[in-house]
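The sequence lines fix the lettering, A, B, ..., with proteins before strands; numbering per chain opens at 1.
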Protein chains: 2
Amino acid sequence: MNPLPITSWAVLGLLSFGRELSGYDLKKWADQSLGFFYWSPSYSQIYSELRRLESVGYAASEEVAGDIRAKRLYRITPVGEDALRAWARETPVEPVVLKHGPMLRLWLGHLQDPERLREMLLAQRELAEKRRVEAETDVAAAESTPEWAFPTLTLRWAARYYAAERDRIDAMLADLADLACDLGDADADRPPFSR
Amino acid sequence: MNPLPITSWAVLGLLSFGRELSGYDLKKWADQSLGFFYWSPSYSQIYSELRRLESVGYAASEEVAGDIRAKRLYRITPVGEDALRAWARETPVEPVVLKHGPMLRLWLGHLQDPERLREMLLAQRELAEKRRVEAETDVAAAESTPEWAFPTLTLRWAARYYAAERDRIDAMLADLADLACDLGDADADRPPFSR
DNA sequence: CGTTGCATGTAAGGTGTTACATGATTAC
DNA sequence: GTAATCATGTAACACCTTACATGCAACG
């Protein structure tokens, strides 16, 4: 049997805080926790990961007649706890992956209208600020509960991350403005493809 | 025909700076440019993207007897330039994707030995600092050449990014130390799974 | 009474990885 | 002479997403 993908462990991790949750709720919660520093898997993947976790005995589920409609609630099993702990302790840490779409566009700035680049950065700035506020409010909600100590740490990290992202965009906007001046000066030797 | 994946455009972007390059060289260069803010595709993917780009007429190649050994050098075609420019201008910007392995581990800190977490963060700190220095030296090498104006901007951004990453880890180490004190105080109500 | 949200999936398909293969050359 | 690097690939396969399907309940 191949080792489980990281996503599996992440989903099992969501269950390791001692609550029983449906796939739907798991996704919602993943968006607000995992989503800040790891990515949040799609619904369909959450459901299939849950089935996989159940098939290897790391999770168990039961059909529950909810307030309105039947749900399938998943919980972590003792075997699953052991496996997750072993994974967290013994597996080499995954390298950080960053795919920064806006920077890719900037890197190819010689193909673009400088004004469009500026607009793109401003939009990105707004997004980062929104995420920052989200993380900040989530910190405030979580920091009083001792069980959430570690999630609170990562939320605090996320708030700093998105604040820094916002500031870097400001710095980039300034650099871009400088660059526009320089290019304005030396009209003769434009970079390639700038027509 | 489906739209090309972003990786294709990234590889075509590497070719858009007016040089003829082999797949091998492209990968090396990708590690030092794209790798800082986007991820660097594997060799095998670079080769297959190059074949795809050639098949749609965006790139052309020729076998060249290099200094030592035969190489296949790729260059962008005029059609490819137009397509790349159109992509850069008209396609919605890809959202930022972050998959921060170390934060995932920290989020599950209740399963871990705090000392191990500290070690992990220190290792991560060193890595960020190394990347920062790399980006910084690459900035110094590129900033004098006007064609590299935009790549220089992104390298400068990367240098700031990795500096901020390093500082965030320091802040996290401090938070973690505070947390250890709090937990030491309240021995009675340990978080779940901390045995 | 139509649309939105809840809740759970299935199917198809592309993306991107690892592992492997090859052969020639440089370095120790 | 044998290890590592250059240089180019192929094959298999896992991962993950989008699109689609369903059926009920609440909201206006």
Which donor-acceptor pairs under 3.5 Å do the side chains of residues 164-174 of chain A make with protein atoms, sequence neighbours left out?
residue: A:E165; atom: OE1; partner: A:R168; partner atom: NH2; Å: 2.9
residue: A:E165; atom: OE2; partner: A:H100; partner atom: NE2; Å: 2.6
residue: A:R166; atom: NH1; partner: A:E129; partner atom: OE1; Å: 2.9
residue: A:D170; atom: OD1; partner: A:R125; partner atom: NH1; Å: 2.9
residue: A:D170; atom: OD2; partner: A:R125; partner atom: NH1; Å: 2.6

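With salt bridges taken as basic N to acidic carboxylate O contacts below 4.0 Å, none links A:D31 and A:K28. Salt bridge status for A:R132 with A:E136: present, with a side-chain N to carboxylate O gap under 4.0 Å. Ionic pairing of B:R160 and A:D175 is present here: one or more N-O contacts between side-chain nitrogen and carboxylate oxygen are shorter than 4.0 angstrom. With respect to A:R118 and A:D113, no salt bridge is recorded, no charged nitrogen being found less than 4.0 Å from a carboxylate O. Between A:D25 and A:R19 there is no salt bridge, since no side-chain nitrogen of the basic residue lies less than 4.0 Å from a carboxylate oxygen of the acidic one. With respect to the salt-bridge test (charged N to carboxylate O, under 4.0 angstrom), the residues B:R51 and B:E54 do not qualify.
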Tabulated below should be each protein N or O lying under 3.5 Å from an N or O of nucleotides 8-10 of chain C; please produce it.
residue: C:dT8; atom: OP1; partner: A:R72; partner atom: N; Å: 2.8
residue: C:dT8; atom: OP2; partner: A:Y24; partner atom: N; Å: 3.3
residue: C:dT8; atom: OP2; partner: A:Y47; partner atom: OH; Å: 3.2
residue: C:dG9; atom: O5'; partner: A:R51; partner atom: NH1; Å: 3.4
residue: C:dT10; atom: OP2; partner: A:R51; partner atom: NH2; Å: 3.2

Polar atom pairs between nucleotides 12-16 of chain C and protein, under 3.5 Å, N or O only, would you list them?
residue: C:dG16; atom: OP1; partner: B:T7; partner atom: OG1; Å: 3.3
residue: C:dG16; atom: OP2; partner: B:T7; partner atom: OG1; Å: 2.8
residue: C:dG16; atom: OP2; partner: B:Q45; partner atom: NE2; Å: 2.8
residue: C:dG16; atom: O5'; partner: B:Q45; partner atom: NE2; Å: 3.4

Between the protein and nucleotides 20-23 of chain D, are there any N/O to N/O pairs under 3.5 Å, and if so, what are the atom names and distances?
none

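Note: CD1 (A:I46) to C1' (D:dC16) measures 12 Å, nearest angstrom.
Under 3.5 Å, the side chains of B:E49 and B:T7 contain no donor-acceptor pair of N or O atoms.
A:R89 places a side-chain N or O within donor-acceptor distance of the main-chain N or O of B:L111, the cut-off being under 3.5 Å. Side-chain atoms of A:R105 come within 3.5 Å of backbone N or O of B:A88 as a donor-acceptor pair.
Taking the six-membered ring where tryptophan is involved, the planes of A:W87 and A:W9 are essentially parallel, since the angle between them stays under 30° and well short of 60°.
For B:S42, the side chain to side chain donor-acceptor pair (under 3.5 Å) partners two or more places apart in sequence, or in a different chain, are B:S44.
Each end of the helix from C:dC1-D:dG28 to C:dC28-D:dG1 gets its own rotation axis from five pairs of C1' atoms, and the angle between them is 30° to the nearest 10 degrees.
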